[in-house]
Amino acid sequence: MSKFEIKMPKLGESITEGTIVSWSVKVGDMIQEDDVLFEVNTAKVSAEIPSPVAGKVVEILYKEGDTVAVGTVVAIIDLDGEESSGTEPVSEGVVREEADAGQVAANVSETSPSSAETAKNESANTASKPVVAEEERWYSPVVIQLAREAKIPKEELDAIQGTGYEGRLSKKDIKDYIEKKKRGGSVAPKPASAVAAPAASKPSVAVSSEQASPKVAPATSAAAIQPAATLSKSSAPVAMPGVEVKEMDRVRRIIADHMVMSKKVSPHVTNVVEVDVTKLVRWREKNKDAFFRREGVKLTYMPVITEAVAKALAAYPQVNVSVDGYNILFKKHINVGIAVSLNDGNLIVPVVHDADHLNLNGLAVAIDSLALKARDNKLMPEDIDGGTFTITNFGTFKSLFGTPIINQPQVAILGVGYIEKKPAVVETPEGDTIAIRHKMYLSLSYDHRVVDGMLGGNFLHFIADYLENWKG
C-alpha cells in the first residue's frame with residue numbers, strides 16, 4: 001500500500017500549532033484531490049484544510065478538539081485506495097531512492113528520530129542568519145510519476161507554473177505541459193525562482209524561522225509574530241514570596257521570540273518628525289458624518305496615513321524591499337500591514353494588499369474590515385501574508401511617539417503618535433504669529449543594512465509633507 005501523510009499545516013507566518021475543530025471525513029472514506037479533510041483553528045485564523053491527494057482515509061490520528069503542532073501527521077491516506085492494517089510511514093530510504101531516480105523532490109516526512117534531531121539541529125544552527133530559506137516544492141505522487149515517464153528533470157519541473165491550490169502543480173498541469181512539449185509548442189514556464197513552493201496541504205506561504213509576518217497597537221510590539229530565536233528558559237521558575245508566575249500563552253511567546261530575532265537581524269535606526277496636521281483634522285471633522293452615512297464605517301486618520309505611506313513607497317521603492325543575505329528583494333506590490341490589538345491583549349498585523357491601487361474610501365473600508373475580522377478571529381491566511389511595510393499607531397493610547405521594532409522580513413515600520421493641540425509659530429503675509437495647531441509625531445524605524453539616513457529621512461518627510469498639505 002502506498003501511503004501519504006496528512007500533516008498539520010502552517011496557517012500563517014507565525015503559527016506553531018492548530019486545534020482541530022471538526023473532521024469532514026472518517027476512516028474508510030474515499031476522497032479526491034482538494035476535498036476538505038478537516039477544519040483547523042489557530043490563534044490567528046480558521047481554515048478548512050483540503051487534501052493534496054486522492055485515495056482512501058485509512059487512519060485519523062487526532063480527534064476533534066486536539067491541539068497539534070505544525071508538521072505533525074494527523075491522518076494517513078492510502079493512495080491505492082486499499083485497506084491496510086499497517087500504519088508505518090514511507091521509509092526514508094524509499095524516499096531517497098525515488099527522488100534520485102526521477103530527480104524530483106517529494107515532500108515526505110523523515111521518520112527516524114536521529115534524522116528528526118539532525119534537522120532540528122540544522123534549523124537551530126541557521127537561526128541567526130537573515131536569509132529566507134525556501135522549502136522544497138511539493139508534488140503529488142501522480143505528478144512525480146508522470147514527470148519520471150516524460151524524463152522531466154527537477155529543475156524543469158520546479159519551473160512549471162501550477163494552477164492547483166496555492167499554486168500546486170496538478171495532474172492536469174503536468175499532462176498539459178507534456179502534451180505541449182511533445183507538439184513542440186512554447187510552454188513558457190515561469191522561472192524557478194519565481195514559482196511558489198507550498199508544502200503539502202499548506203494554505204499559506206512557507207517561510208523559514210528567520211521570516212515573519214505580526215484598536216492599532218504600540219510599535220514596540222507591532223512587528224509580525226513569527227517563532228525564531230527562542231527565548232532562553234529555565235527548567236522551572238524560582239518561587240519567590242509575593243510573586244505569581246504565569247507562563248506566556250503561545251501567541252505572546254511567538255511575539256517575544258520575534259522581537260528578539262528582529263533586533264538581532266536588523267540594525268535599527270529611528271527618525272522622528274513633528275507634523276502639523278491641522279488641515280487634516282479640520283477636513284475629518286467636516287466630513288466624518290457624511291462619510292459614515294455613505295460608507296458605513298467611521299472615518300479615522302489611518303486611511304489617510306496609509307494612502308500617504310503607499311504613495312511614499314511608490315516614490316521610494318528602495319524601502320519596499322526585504323533582504324536575503326547580500327541580495328535586496330524589490331517587491332512589485334505595495335502591501336501595507338496595520339498592527340491591530342486583540343481582545344486578549346495580543347496583536348496581529350493584517351495586510352491591505354495593493355494599497356496603492358485603492359482610493360481613500362477603499363482603504364477605509366479595507367482597514368475597518370480587517371480590524372473587525374482580526375478581533376473576531378476570522379482572518380484567513382491571505383489576510384496576514386505578503387506585507388511589505390507596517391504601520392503601528394501609538395496615538396490610540398495617547399503616546400506621543402516611540403521607536404517601533406521592524407516587522408521582519410520588511411525593512412521599515414512607521415509609528416504614528418497622538419494628535420494634540422500646541423501653540424506654534426505660523427508664518428503669515430503679515431509676519432509670524434502664534435496659533436493653536438494640531439501636531440503629531442511620526443517615527444520611522446528602518447534597517448540600516450539597506451536604508452541609509454538620507455533615504456529614511458526623505459521617505460519620512462514625504463509622508464509628513466503629504467499629511468501637512470492634505471486637501472481631501
Side-chain angles (χ1 to χ4, degrees), residues 12 44-46 213-219 222 224 275 277-314 333-399 404 407 413-420 438 440 442 463 466-472:
K44 296 172 73 170
V45 296
S46 297
S213 345
K215 200 159 72 178
V216 181
V275 187
V277 291
T278 305
K279 292 180 181 179
L280 175 59
V281 171
R282 290 173 178 170
W283 171 84
R284 176 180 173 272
E285 287 298 319
K286 181 180 178 180
N287 292 278
K288 63 181 183 180
D289 292 337
F291 187 90
F292 182 78
R293 289 193 299 269
R294 184 175 69 251
E295 302 295 338
V297 299
K298 292 182 179 179
L299 178 60
T300 68
Y301 297 110
M302 285 308 297
V304 178
I305 295 169
T306 304
E307 181 176 290
V309 165
K311 290 186 180 297
L313 290 170
H333 296 271
I334 294 176
N335 301 330
V336 181
I338 311 290
V340 176
S341 292
L342 303 178
N343 297 326
D344 61 2
N346 290 313
L347 60 93
I348 195 169
V349 185
V351 176
V352 179
H353 292 87
D354 293 314
D356 54 324
H357 294 169
L358 298 176
N359 60 18
L360 192 66
N361 294 359
L363 288 170
V365 172
I367 292 170
D368 183 77
S369 174
L370 287 170
L372 289 175
K373 289 171 69 176
R375 295 189 185 109
D376 291 340
N377 196 31
K378 292 182 178 179
L379 289 172
M380 296 303 291
E382 58 269 22
D383 293 329
I384 57 176
D385 284 339
T388 61
F389 187 93
T390 296
I391 302 172
T392 181
N393 189 354
F394 301 106
T396 301
F397 311 101
K398 296 191 176 181
S399 296
N407 180 359
I413 179 172
L414 181 74
V416 178
Y418 179 64
I419 298 175
E420 60 178 353
H438 293 269
M440 173 181 69
L442 296 177
I463 298 171
Y466 191 86
L467 298 177
E468 284 192 344
N469 297 293
W470 177 253
K471 297 178 182 178

Q: State the CD1-CG distance between Ile367 and Leu372, to the nearest 0.5 angstrom.
A: 12.0 Å

Q.
Restricting to non-hydrogen atoms, name the atom on Tyr466 and the atom on Ala308 that form the minimum distance, rounded to 0.1 Å.
A. CD2-CB, 3.4 Å

Q) Is the shortest heavy-atom distance from the side chain of Asn407 to the side chain of Phe389 under 4.5 Å? A) no

**Q.** Any side-chain heavy-atom pair of Val351 and Asp385 under 4.5 Å
**A.** no

Q.
So which atom in Lys279 and which in Glu468 form the shortest heavy-atom distance, rounded to 0.1 Å?
A. CD-O, 3.5 Å

Q. Taking side chain as C-beta onward, heavy atoms only, is Asn469 less than 4.5 Å from Lys471?
A. no

Q. Short question: side chain of Ser369, backbone of Val365 - any donor-acceptor pair under 3.5 Å?
A. no

Q: Starting from the C-alpha separation in whole Å, work towards a yes-or-no answer on side-chain contact (heavy atoms from CB on, under 4.5 Å) for Asp356 and Leu313.
A: CA-CA 9 Å; Asp356 54 324; Leu313 290 170; over 6 Å; no

Q) Which atoms form the tightest heavy-atom contact between Asn393 and Val416, and what is the distance? A) OD1-O, 3.2 Å

Q) Of the non-hydrogen atoms in Ile348 and Ala374, which two are nearest, and what is the gap between them? A) CG2-CB, 3.9 Å

(Q) Using side-chain heavy atoms (C-beta onward) and a distance below 4.5 Å, is Val281 in contact with Tyr301? (A) yes

Q. Is there side-chain contact between Leu299 and Val297, with at least one heavy-atom pair below 4.5 Å?
A. no

Q | For Asn346, side chain to side chain donor-acceptor pair (under 3.5 Å) partners two or more places apart | A | Asp249, Arg252, Asp344

Q | For Lys288, salt bridge (charged side-chain N to carboxylate O under 4.0 Å, His left out) partners two or more places apart | A | Glu285

Q. Between Asn335 and Gly386, is there a donor-acceptor pair closer than 3.5 Å when you use the side chain of the first and the backbone of the second?
A. yes

Q) Hey, what do you get for CD1 (Ile338) to OG1 (Thr306), rounding to the nearest 0.5 Å? A) 3.5 Å

Q. For Leu467 and Leu442, what are the C-alpha separation, side-chain angles and deciding distance, and is it a side-chain contact (heavy atoms from CB on, under 4.5 Å)?
A. CA-CA 11 Å; Leu467 298 177; Leu442 296 177; 4.1 Å; yes

Q | Pair Glu307-Trp470, side-chain contact (heavy atoms from CB on, under 4.5 Å): steps then yes or no | A | CA-CA 11 Å; Glu307 181 176 290; Trp470 177 253; 3.5 Å; yes

Q: Mind checking side chain to side chain donor-acceptor pair (under 3.5 Å) for Asn361 and listing every partner two or more places apart, or none if nothing turns up?
A: Glu295

Q. If you take all heavy atoms of Ile334 and Ala314, which pair is closest and at what distance?
A. CD1-N, 3.7 Å

Q) Of all residues at least two apart in sequence or in a different chain, which pass the side chain to side chain donor-acceptor pair (under 3.5 Å) check with Thr388? A) Asn320

Q.
Tell me the closest heavy-atom pair linking Leu360 and Trp283, and the distance in Å.
A. CD2-CH2, 3.4 Å

Q | Inter-residue atom distance Leu363.CG - Asp368.CG, 0.5 Å rounding | A | 12.5 Å

Q: Would you please name every residue forming a side chain to side chain donor-acceptor pair (under 3.5 Å) with Glu420, sequence neighbours left out?
A: none

(Q) Run the side-chain contact (heavy atoms from CB on, under 4.5 Å) test against Asp383 and tell me which residues pass, sequence neighbours left out. (A) Leu370, Lys373, Leu379, Met380

